[in-house]
Amino acid sequence: MDLRYVRYAMAIARAGSLRRAAAALHIAQPTLSEQLKALEKEIGVELFSRSSSGVQLTEAGEAFLAQATVAVNAFERAVTAARSAGHMARLGVADGLADVAARLLSQLHTAALRVVPMGTAEQIVSIVDGTLQAGLGYAPGSLPRGVARMLMHRFPVRALLPREHHLAASERLSLADLAAEPLVMPESEAVAGARRFLEGFVRHRLHPRLGPAAATHDLVVNLVADGAGYALCVHEGTTIPETLTFIPIKEDVPPLEVVFLWNRQAEVTEVVSAARHLARSG
């Protein structure tokens with residue numbers, strides 16, 4: 001069924017005559033009359049009773065247009081939603097930063113964002129080619145022209161351990177304490193910047209014992225909870241099981257730096273403002 005015919009029937013019902021409806025629709029009255037007849041033939045009932053004074057909905061016409069109006073309105077909302085989605089800004093979020101993304105989204109009032117899991121390096125490439133408007137990632141070394149960066153937060157590196165681990169009773173741990181324990185790390189490119197904490201071991205001439213690798217931060221947490229070792233890549237804003245705990249490190253280890261990246265040409269003013277507010281509030 002052609003929705004145009006349904007809209008024409010709705011216009012006729014509002015106008016009360018074919019002549020006035022044709023004028024409002026900017027089409028010829030004979031054409032409108034033919035299309036109304038085609039609609040009635042398809043449905044199998046008369047929608048209007050005709051008279052010299054105009055037209056009036058039949059009982060069947062009232063029942064049809066009551067439901068048809070709902071259907072047409074729903075269709076128009078669907079079209080609007082589809083078009084909005086096509087122009088919706090995309091926000092890349094690196095592995096392990098779901099909590100930061102949630103806080104950013106909570107600051108938005110009108111802007112709609114589609115969140116896309118994406119590593120930092122891929123975010124930068126996508127922002128340059130325009131397929132991504134903004135992103136949350138780990139501090140990169142340098143950025144191409146057109147990509148802006150804002151430091152969102154510096155997370156101090158903490159050791160994530162099971163509470164029952166023999167080192168968990170310490171108020172602070174040295175890298176020497178940890179070097180003999182299996183270190184669980186994610187494989188995701190997203191934490192390439194976070195791997196800088198290994199420099200702390202190297203500066204102290206220590207060789208960390210590498211444990212099992214995990215595909216994501218969530219799996220890192222699971223492995224630590226299962227007793228596979230400890231982790232340094234999980235920041236304190238992450239939700240962890242009650243069986244785990246964070247322990248500070250004695251030595252000065254480079255922090256995990258989370259940045260907001262965006263395309264300077266993209267229309268993401270509200271998102272940038274929200275990111276700036278979140279960065280200032282900590």
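Everything numeric here is computed off the predicted structure, so don't read it as measured data.
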Neighbour count >12 (heavy atoms, 6.0 Å) for atom [atom1], [X]:
| X | atom1 | value |
| --- | --- | --- |
| Glu267 | CD | no |
| Glu236 | CD | yes |
| Asp252 | CG | no |

Q: Start with the C-alpha distance between Asp218 and Thr216, add both sets of side-chain angles, then the distance that settles side-chain hydrogen bond (donor to acceptor under 3.5 Å, both in side chains), and finish with yes or no.
A: CA-CA 5 Å; Asp218 289 342; Thr216 66; 5.0 Å; no

Where [X] and [Y] come nearest, the two heavy atoms and their spacing:
| X | Y | result |
| --- | --- | --- |
| Thr120 | Ala94 | OG1-CB, 4.1 Å |
| Ala15 | Ala21 | CB-N, 3.6 Å |
| Ala168 | Pro162 | CB-O, 3.4 Å |
| Gly137 | Gln123 | N-OE1, 4.1 Å |
| Ala159 | Leu178 | CB-CD1, 4.1 Å |
| Pro144 | Val128 | CG-CG2, 3.5 Å |

Q | Derivation and outcome, side-chain contact (heavy atoms from CB on, under 4.5 Å), residues Tyr138 and Val259 | A | CA-CA 6 Å; Tyr138 299 93; Val259 295; over 6 Å; no

Heavy-atom distance under 4.5 Å between the side chains of [X] and [Y], does that happen here?
| X | Y | value |
| --- | --- | --- |
| Phe48 | Ile12 | yes |
| Phe260 | Val271 | yes |
| Met152 | Leu97 | no |
| Pro208 | Phe201 | yes |
| Lys37 | Ser33 | yes |
| Tyr8 | Leu36 | no |
| Leu65 | Met10 | yes |
| Tyr230 | Val184 | no |

Grouping I, L, V, M, F, W and Y whenever their side-chain heavy atoms are under 4.5 Å apart, do [X] and [Y] come out in a common cluster?
| X | Y | result |
| --- | --- | --- |
| Val147 | Met118 | yes |
| Val157 | Leu160 | no |
| Leu136 | Leu105 | yes |
| Leu256 | Ile240 | no |
| Val72 | Ile27 | yes |

Counting distance only, does the side-chain N/O of [X] pair as donor-acceptor with the main-chain N or O of [Y] below 3.5 Å?
| X | Y | answer |
| --- | --- | --- |
| His235 | Gly237 | yes |
| Thr58 | Leu47 | yes |
| Asp226 | Ala228 | no |
| Arg172 | Ile249 | yes |
| Ser281 | Leu278 | yes |
| Gln133 | Arg90 | yes |

Q: For His153 and Glu257, test the side chains for any donor-to-acceptor distance below 3.5 angstrom and give the result as yes or no.
A: no

To the nearest 0.5 Å, what is the distance between [atom1] on [X] and [atom2] on [Y]?
| X | Y | atom1 | atom2 | result |
| --- | --- | --- | --- | --- |
| Arg264 | Arg145 | CZ | CZ | 10.5 Å |
| Ser17 | Leu32 | OG | CG | 9.5 Å |
| Thr245 | Arg158 | OG1 | CZ | 11.0 Å |
| Gln67 | Glu62 | CD | CD | 13.0 Å |
| Leu39 | Arg7 | CG | CZ | 13.0 Å |
| Leu206 | Ser174 | CG | OG | 8.0 Å |

Q) In this structure, which one of Val224, Leu173, Leu244, Thr243 forms a side-chain contact (heavy atoms from CB on, under 4.5 Å) with Leu161? A) Leu173

(Q) As a test of understanding, state which of Leu210, Leu223, Val220, Leu232 forms a side-chain contact (heavy atoms from CB on, under 4.5 Å) with Met185. (A) Leu210

Q: Decide yes or no on side-chain contact (heavy atoms from CB on, under 4.5 Å) for Thr238 and His217, but give the supporting numbers first.
A: CA-CA 9 Å; Thr238 306; His217 273 77; 5.8 Å; no

Q: Give a yes or no on whether a salt bridge exists between Glu270 and Arg276, defined as a side-chain N under 4.0 angstrom from a carboxylate O.
A: no

